[in-house]
Amino acid sequence: MPKIVAVTGNEAVAEAFRQVNPDVCAAYPITPSTDLMQRFASFVNNGKVKTEMILVESEHSAMSACIGASAAGGRVITATSSQGLALMWEELFIASGTRLPIVLGLVNRALSAPLNIHGDHSDGMGARDCGWIQLWSENGQEAYDNTIQAFRIAEHMDIRLPAMTCMDGFIISHSIERMEYLDDEAVKNFAGEFRTLNPLLDIEHPVSYGPLILPDYYMEFRRAHAEVMSKVSKVVLSVAKDFEKISGRKYGLFETYRLEDAEIAFVILNSAAGTSKDVIDEFRNKGIKAGLLKPRLYRPFPYEEVGEALKHLKAVCVLDRADAFGASYGPLYIDIAASLYPYKERPLLINKIYGLGGRDYLPEHAELVLNELAETAKTGKVKTFKEYIGVRE
Amino acid sequence: MAETLEIRWHGRGGQGTVTAAKVFADACLSGGRHVQAFPEYGPERSGAPLRAYNRVSSKELRMHCPVLKPNIVAVVDATLLDGIDVTEGALDDAVFIVNSAKDPKELREKLKAKPTQRVLTVDATKIAIENIGRPLPNSPMVGVLAKVSGIVSLDLILEDVKKSFGKKFSQKIIDGNLEAVKRGYEEVREG
């Protein structure tokens, strides 16, 4: 029987890690993911898991240890935030290029400078092209569910890629919400036994990891990585189907909310999607056909499916909780624009940057943007393509 | 109760305000309710003003931002009233619960509460000192909240305090807190 609990996002992800019971965890603490790892470390210390905990001196070392342990043939986890992920950056590519199915709990936080510990997507966005799978989560329940599914996706024999699950720092990681925990047994069976692939420790079958590949073959490796990425969507959907059987909760590549007959819509990640849904309901009550699309599988990005889901709209606003300096638009906007580009008939597309460094995203912000979208849909005219909201100018 | 009950807590770091919000959320879980409890994080210094929030609803809670229009405002430290407008955004039928030995009528004047709003006081610090030996007013405040919100019974709150304190504290401290919750429930005054 699932258990109803009131827990924080960090507690929930730590619980998912406990239930999966990985072989190795290497981590270095950083706010706001510290609390997640502290809880998991106490599971290790209290003998609740068989995991070997490796405490290291930096995140660079944490990811390096994860890579070593994963290549050796273990099921491996870690967690981090912000500068921690930034310091792992070099190793992130090595993990994905070496095809190691490490699972990382990313608690999204702003990047320095100025120093800020609060929720912001800059860290995850900075790692979006490093060849990892990214699953984003609106609340603690989704973070827990995505973490459990991440093992099956990453470890799938057609995939074998590392995966990170993202949730908003503090807003979700430190907020207590009602959610459902699955049975230990159900999670254990769902995750299944870890299957090794070319483990270094299998000395009967020696293998090499991390060889030098010169221009004669490097491009074929990159091409092969891209090919594997193209198979991820299918696996994500099939794992979601199995997960629904044990949880009753449905997951797709993205979530659509009142989108089918909508004329205007938001595209927005993580916790702010929830706040937006409540405001969309209010607009619907006023007769305004508003909807929402919330990406879940952000890497690899399901361009075709997202384009299909949005193409019928009149006006869409992509809300980014990160900016891409010098790139003109926020990272999510750029992906949505690319998704819609192939269509002759497509919605007008605007971009708002919100919530940086944990700035509150309030219902009034959603109202402001929905009103602007309704106006844009009516007149066919865009006021400004990109704008910061909730900021002192 | 409105469809969604929204509570804003005002306290100071070290008074157990965040724990109080958590205990209340836990107790409200029964009956299939959805709950949220979250503090507003800032520099976490003992004595610094802080806010915490609760939402309780029969529906899924999707709003992930601070409570702006509270049904209930719980003021764990009355010295905050001089510096912070705790009535900000409070609904016309909001209830203010203030930890104070003063008469609720006096507090009503200080808060400039609307006639449609209720003002309650409880000497939570005194209750805490008498039962726990320390000025931790959160347990009596939770007791008052149980009474005012009307959505969770005193017994359920007591059970939950026992559960959440049970892991960390001695029997003496647990019993003291249980008594403090009860006395908060019983001794709250309205004016």
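The chains referred to below are lettered A, B, ... by the order of the sequence lines, with proteins before strands, and numbering in each begins at 1. Atoms considered below: every heavy atom in the structure, side chains included; atoms not considered: hydrogens, waters and symmetry mates.
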Any chance you could measure Cys65(B), atom SG, to Glu364(A), atom CD, to the nearest 0.5 Å? 9.5 Å
Any idea which heavy atoms bring Val5(A) and Leu29(B) closest together, and the distance? C-CD1, 3.6 Å
Would you say that more than 12 heavy atoms from the other residues, nucleotides or ligands in this model lie under 6.0 Å from the CD of Glu109(B), or not? no
Say you draw a straight line from OH of Tyr361(A) to CE of Met63(B); how long is it, rounded to the nearest 0.5 Å? 9.5 Å
Below 4.5 Å from any heavy atom of chain B, which atoms of Asp281(A) appear? Answer side chain, backbone, both or neither. side chain
So, taking the atom named CD1 in Ile176(A) and the one named CG in Asp26(B), what distance separates them when rounded to the nearest 0.5 Å? 7.0 Å
So do Val18(B) and His174(A) actually touch side chain to side chain, heavy atoms under 4.5 Å? no
Check whether Val7(A) gets within reach of chain B through its side chain, its backbone, both or neither, counting any heavy atom under 4.5 Å. neither
Do Ile4(A) and Ser30(B) have side chains that get closer than 4.5 Å, going by heavy atoms? no
Atom pair CD1 (Ile280(A)) and CZ (Arg62(B)), whose distance is rounded to the nearest 0.5 Å: 8.5 Å
CD of Glu60(B) to NZ of Lys277(A), rounded to nearest 0.5 Å, is 6.5 Å
Answer whether the closest heavy-atom distance between the side chains of Ser175(A) and Gln36(B) falls below 4.5 Å. no
For Lys147(B), I'd like to know if atom NZ has over 12 heavy atoms of other residues, nucleotides or ligands within 6.0 Å. yes
Please check if the number of heavy atoms outside Lys168(B) that lie under 6.0 Å from its NZ is greater than 12. no
Atom pair CD1 (Ile171(A)) and NE2 (His64(B)), whose distance is rounded to the nearest 0.5 Å: 9.0 Å
Exceeds 12 heavy-atom contacts within 6.0 angstrom, atom CZ of Arg134(B): no
Under 4.5 Å from any heavy atom of chain B - which part of Asp360(A): side chain
